[in-house]
Amino acid sequence: MATTTLFIFGAMGDLTSRLLLPALAQLLALEPDRSVRLVGVGRRDVSDDEWRERVSAAFGDDVASATRQVADQTTFLQADVGTADGMRTVLDQAGDGRSVLYFAVPPSVAQQSCDAMAELDDLPDGLMLALEKPFGTDDDSARDFNAKLARLVPENQVFRVDHFLGQSILLDLFGIRFANRVFEPVWSAEHIESVVIRYDETLGLEGRAGYYDKAGALVDMMQSHLLELLAVVAMDPPASLNERDLRDATGAALRATRVMDGDPVRSSRRARYTSGQVDGKHLPSYVDEDGVDPTRDTETLAEATFEVNTARWAGVPFTLRSGKALEPAVKEIALHFRPVRHLPQQFSGDVAPNVLRLTFGPDAMSLRLNVHDGTDPFDLAATELGADLGEGSIRAYAEVLSGILDGDATLAVRGDAAEQCWRIVGPIIDAWQADRVPLEEYPAGSAGPEGWPSV
């Protein structure tokens with residue numbers, strides 16, 4: 001296997017040590033024959049030994065020999081990647097095999113690097129660019145950035161990283177939906193009444209004010225992660241799960257998606273947390289968190305309902321919700337089925353609609369069914385059939401990183417999808433900025449604002 005050179009821009013940052021390096025360690029442990037040369041890149045003057053210590057600490061003590069070899073041989077390169085000279089310094093270190101530039105840096109720095117690369121005469125063959133979200137700030141800026149990237153490398157060499165696409169529960173969803181006759185024929189508006197995709201966390205701001213206070217829950221979670229999950233649920237069956245077919249299918253679903261009834265005021269809600277107890281710990285009000293500007297009116301809980309205007313899904317509400325400092329933590333994709341068309345009169349008891357739930361970490365699946373309850377043969381009660389799908393064999397970032405190192409963009413966000421996600425939430429952003437949707441409050445540790453309908 002040819003050696004792939006992985007350059008990590010922002011090598012000394014939190015994303016690298018907390019997510020990228022542990023994911024790389026796991027991937028190398030699972031695939032010891034994979035050959036990777038790791039190069040950290042940053043503006044600071046960092047010695048190779050200092051960088052190797054950082055890599056080793058992130059890898060952990062119990063690592064395979066192939067992983068230890070990567071840590072022992074990694075080097076650090078000081079360069080200002082926002083300049084043509086800095087990018088030339090980096091690319092001069094590219095090896096004979098495939099090279100990956102992983103931009104673990106703010107989006108503004110990534111754009112500066114791409115501008116700098118455009119000034120260079122030539123780029124290494126097969127060069128791949130891995131970029132963290134957000135991809136632009138609206139659909140116009142996303143379109144401009146995509147055009148800039150297209151002048152550098154082909155689209156299938158651009159990896160817009162959304163680690164939610166590497167979540168093991170999402171990969172389970174493909175098999176559950178397409179490989180089971182009990183689900184595949186009923187995956188449509190004829191049988192499904194509503195879909196809820198929810199990611200409520202107990203975590204508060206956790207020191208991320210520098211990014212989060214400018215983004216909020218809508219941009220941080222819904223505009224990217226949750227809409228990508230919606231696209232996978234709503235897509236028509238692709239011919240295959242390869243990069244072209246799968247991304248064509250999810251892209252078509254996103255192009256058909258819009259705010260429910262075209263009304264962002266009626267179809268969206270926002271709120272932010274006040275002080276309270278979460279997991280037995282006191283959490284201050286969001287506005288009192290370090291680094292927060294209270295005048296921004298940043299939401300920590302966002303909810304919106306969308307529709308997918310296709311023959312498969314017309315009229316079905318897709319509700320997306322994500323928030324911080326909430327209890328209980330609910331992280332799931334839930335498909336609510338329509339009631340049966342006719343129930344014989346003799347039945348009694350609690351007859352509830354069927355619900356299929358796919359739960360994130362630890363991954364699980366449950367199906368609510370109505371069955372006989374007690375001694376009366378016609379008395380019904382709802383029961384849950386469940387399956388524990390485990391933690392997943394590989395980290396979400398490791399799944400995504402594997403695709404990047406292999407040059408397989410299947411689990412990366414395509415350029416048109418990035419633009420569509422901004423287009424979809426644009427009316428909501430405009431309504432919120434115009435203060436047409438009130439910013440409500442909820443105590444940290446609660447399930448959200450009082451009076452919000454249950455989803």
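Position 1 is the first residue of the sequence; numbering continues from there.
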Review point. Between the side chains of E440 and W452, is a donor N or O closer than 3.5 angstrom to an acceptor N or O?
Key: yes
Check your understanding: Who pairs with H336 by ring-ring contact (aromatic ring centres under 6.0 Å, His included), at least two apart in sequence or on another chain?
Key -> none
Review point. Is the backbone of E243 close enough, under 3.5 Å, to the side chain of T410 for a donor and an acceptor to pair up by distance?
Key: yes
**Study point:** From CA spacing to verdict: salt bridge (Lys or Arg N to Asp or Glu O under 4.0 Å), R34, D406
**Key:** CA-CA 10 Å; R34 183 183 290 278; D406 287 340; 3.0 Å; yes
**Study point:** Where D379 and G349 come nearest, the two heavy atoms and their spacing
**Key:** OD1-CA, 3.3 Å
Review point. Does R266 CZ have over 12 foreign heavy atoms under 6.0 Å away?
Key: no
Review point. What are the two closest non-hydrogen atoms of C114 and K148, and how far apart are they?
Key: CB-CD, 4.0 Å
**Study point:** Residue pair R312 / W187: nearest heavy atoms and the distance that separates them
**Key:** NH1-O, 2.7 Å
Exercise for review: Carefully, step by step, assess R270 and D297 under the rule salt bridge (Lys or Arg N to Asp or Glu O under 4.0 Å).
Suggested key: CA-CA 10 Å; R270 58 177 179 151; D297 286 344; 5.4 Å; no
Review point. Does F145 offer a backbone N or O that forms a donor-acceptor pair with the side chain of Q111 under 3.5 Å?
Key: no
Exercise for review: Fit a plane to each ring of H163 and Y397, take the angle between them on a 0 to 90° scale, and name the class: parallel (under 30°), tilted (30 to 60°) or perpendicular (over 60°).
Suggested key: parallel
Practice item. Could you verify whether a donor N or O on one side chain and an acceptor N or O on the other, from T274 and S285, lie under 3.5 Å apart? Key: no
**Study point:** salt_bridge(R321, E299) N-O dist < 4.0 Å
**Key:** no
Review point. Distance only, no hydrogens: is a donor on one side chain within 3.5 Å (strictly under) of an acceptor on the other, for D138 and S141?
Key: yes
Study note, to complete from the structure: Heavy atoms of I192 and L335 approach each other most closely as CD1-CD2, 3.5 Å
Check your understanding: Who pairs with K281 by salt bridge (Lys or Arg N to Asp or Glu O under 4.0 Å), at least two apart in sequence or on another chain?
Key -> none
Practice item. Check whether the side chains of D245 and S240 place a donor and an acceptor atom closer than 3.5 Å, and report yes or no. Key: yes
Practice item. Might you point out which heavy atoms bring T16 and G10 nearest each other, and give the distance in Å? Key: OG1-O, 2.9 Å
Practice item. For the pair R436 and D263, find out whether any cationic side-chain nitrogen is under 4.0 Å from an anionic carboxylate oxygen. Key: no
Exercise for review: Indicate whether the side chain of R160 and that of N146 have a donor and an acceptor atom separated by less than 3.5 Å.
Suggested key: yes
Practice item. Give a yes or no on this: more than 12 heavy atoms of other residues, nucleotides or ligands lie within 6.0 Å of atom CZ of F178. Key: yes
Exercise for review: In sequence, state the C-alpha distance, the side-chain angles, and the governing distance for E384 and R368, and then conclude on salt bridge (Lys or Arg N to Asp or Glu O under 4.0 Å).
Suggested key: CA-CA 5 Å; E384 300 279 341; R368 181 201 289 164; 3.7 Å; yes
Check your understanding: Is K324 salt-bridged to E201, cutoff N-O under 4.0 Å?
Key -> yes
Review point. Run the ring-ring contact (aromatic ring centres under 6.0 Å, His included) check on W313 and F318 step by step: do they pass?
Key: CA-CA 10 Å; W313 293 110; F318 283 73; 5.3 Å; yes
Practice item. Under the side-chain hydrogen bond (donor to acceptor under 3.5 Å, both in side chains) rule, collect the residues that match up with D373, sequence neighbours excluded. Key: none
Practice item. Look only at the side chain of R247 and the backbone of A412, and say whether a donor-acceptor pair between them is shorter than 3.5 Å. Key: yes
Exercise for review: Say whether E450 and Y442, considering side chains only, have a donor N or O and an acceptor N or O under 3.5 Å apart.
Suggested key: no
Point to revise | Parallel, tilted or perpendicular: rings of F164 and H225 (30°, 60°) | key: parallel
